[in-house]
Amino acid sequence: MRSFLFSSLLAFGCLTSSAMALDPGDRRVLSDIQKALAENPNSVIAHRDYQIVVEPEIGRAQLEAEYNKRLRDQGETPENLYLMSRFKRGDEFLQAGENLNERYPDSPLGLWIIARFHRRSGNIEQAITLYQEALKHPHPDASPHIFRSWANAIRITEGPEAAIEILDQALTRYPGHLDTMAQKAQMLLLAGQPEDALALTNDVLIKRLHHEEALRTEGLAYLNLERFHEATISFETFLRLWPSRTDVWIYLASA
C-alpha cells in the first residue's frame with residue numbers, strides 16, 4: 001500500500017507524509033482509484049474521487065495547484081474544467097458550470113455542475129430538470145453518477161420509491177455499477193425493505209468488501225431487523241476501515 005501512495009502522489013506532484021494518516025478504508029479506496037486511472041487516465045470520476053479522498057490530507061491549495069497544472073498541460077477539456085469546478089464556491093461554482101456548458105454544449109458536465117448548484121440551493125425541481133437534460137448527452141464515465149444525483153434529488157421530492165425507479169434505469173444501462181447498486185440498497189432500506197437492501201449490499205460486498213456505503217447500509221439493515229449481533233459485526237468491520245466515522249460508532253453502540 002505504501003508503494004501505491006508514493007506512486008499515486010508523485011503522479012500528482014504532491015508527495016506528503018500526511019497522506020499516510022488516511023483511514024485504512026480510504027487507503028483501499030485510493031487503491032481502487034489507482035486501478036481506475038490505470039485503465040482510463042482521464043477518468044473524471046476517478047480524479048474527482050481522488051480529490052475528495054486526498055484533499056483533507058494534502059490541503060485544498062496544494063491539490064488545486066496540481067489540477068491547475070493538469071489543466072495547463074492538457075488544455076481546457078470538459079473533464080478538466082469539471083475537475084477545477086470543485087475548487088469553486090457559491091456563484092463562482094455556478095459560473096463555472098455555465099461557462100463549461102456554453103463552451104461544450106454536447107457535454108453533460110456543465111449541466112451536472114449547474115444542477116448541483118441548484119440542489120445545494122434548495123431548488124430541487126430545477127436540479128431534477130437539469131439532471132434529466134444532462135443525461136441526454138451520455139458520458140461513459142459520469143452518466144451513472146448523474147443518475148445517482150438525480151435519484152438523490154427525486155428522493156427529496158417524491159420519496160425513496162421514486163429514487164429506486166431511477167436507479168433501476170441506471171442499472172439497466174450500466175449493469176453491475178457498484179456505487180449505483182449500493183445507493184439502491186440504501187433507498188430500499190429507506191423504503192422499508194431491509195431484507196431486499198441486505199441482499200443487494202451482499203452483491204456489492206462480494207465484489208468490493210470495503211465499499212463504504214454498502215457496509216454502512218448492511219449494518220443499518222441488520223439493526224432495522226433487530227439482528228443485533230450481525231449489525232455489530234457490520235459496524236465493527238466498517239470501523240476497522242474508517243475508525244474516524246463518529247456516526248457509525250453511534251450505530252455500533254445502538255447495536
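Note that these values count all heavy atoms, side chains included, but never hydrogens, waters or copies made by symmetry. Owing to the predicted nature of the structure, the values given are computational and were not obtained by experimental measurement.
A distance-only check finds a donor-acceptor pair linking the side chain of Arg89 to the backbone of Arg86 [under 3.5 Å].
Side-chain atoms of Tyr82 and Arg48, non-hydrogen and from C-beta on, do get closer than 4.5 Å to each other. When side chains are defined from C-beta on, Glu125 counts as touching Ile128, because their heavy atoms get closer than 4.5 Å. Using a 4.5 Å heavy-atom cutoff, the side chains of Tyr131 and Leu111 are not in contact. The side-chain heavy atoms of Gln186 and Leu220, taken from C-beta on, include no pair separated by under 4.5 Å. Here the side chains of Arg70 and Asn42 are in contact, with some heavy-atom distance below 4.5 Å. Taking 4.5 Å as the limit, some side-chain heavy atom of Pro243 sits within range of a side-chain heavy atom of Pro24. Two residues are said to be in side-chain contact when any heavy atoms from C-beta on lie closer than 4.5 Å; Phe238 and Glu212 meet this criterion.
Distance check: Ile250 CD1 to Arg245 CZ gives 10.5 Å after rounding to the nearest 0.5 Å. For the atom pair His137 NE2 and Tyr104 OH, the distance stands at 15.5 Å (nearest 0.5 Å). Taking NE2 from His211 and OG1 from Thr217, the interatomic distance works out to 9.0 Å, rounded to the nearest 0.5 Å.
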query: What do the steps show when you test Glu218 against Ser234 for side-chain hydrogen bond (donor to acceptor under 3.5 Å, both in side chains), and what is the final call?
result: CA-CA 7 Å; Glu218 179 187 60; Ser234 293; 2.7 Å; yes
message: Does His47 form a side-chain hydrogen bond (donor to acceptor under 3.5 Å, both in side chains) with Asn80? I'd like the steps, not just the answer.
response: CA-CA 9 Å; His47 279 289; Asn80 284 340; over 6 Å; no
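In the hydrophobic clustering of ILVMFWY residues, with side-chain heavy atoms under 4.5 Å counting as a link, Ile52 and Phe93 come out apart.
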Distance-only donor-acceptor pairs under 3.5 Å for side chains of residues 149-158, two or more places apart:
from   : atom 1 : to     : atom 2 : distance (Å)
Ser149 : OG     : Trp112 : NE1    : 3.1
Ser149 : OG     : His145 : O      : 3.2
Asn152 : OD1    : Gln183 : NE2    : 3.2
Thr157 : OG1    : Ile154 : O      : 3.3

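Hydrophobic cluster membership of Leu198, counting Ile, Leu, Val, Met, Phe, Trp and Tyr whose side-chain heavy atoms lie under 4.5 Å apart directly or via other members: Tyr222, Leu225. Other members of the hydrophobic cluster containing Leu167, listed by chain and number, are Ile164, Leu171, Leu178, Met181, Met187, Leu188, Leu190, Leu200, Val204; membership follows side-chain contacts under 4.5 Å among ILVMFWY residues, whether direct or relayed.
Counting heavy-atom neighbours within 6.0 Å of Glu195 CD, excluding the residue itself, gives a total of 12 or less.
Partners of Arg103 under the salt bridge (Lys or Arg N to Asp or Glu O under 4.0 Å) rule, at least two apart in sequence or in another chain, are Glu76. With sequence neighbours excluded, the residues that form a ring-ring contact (aromatic ring centres under 6.0 Å, His included) with Tyr251 are Phe235. Applying the salt bridge (Lys or Arg N to Asp or Glu O under 4.0 Å) criterion to Asp106, with sequence neighbours excluded, gives no partner residue.
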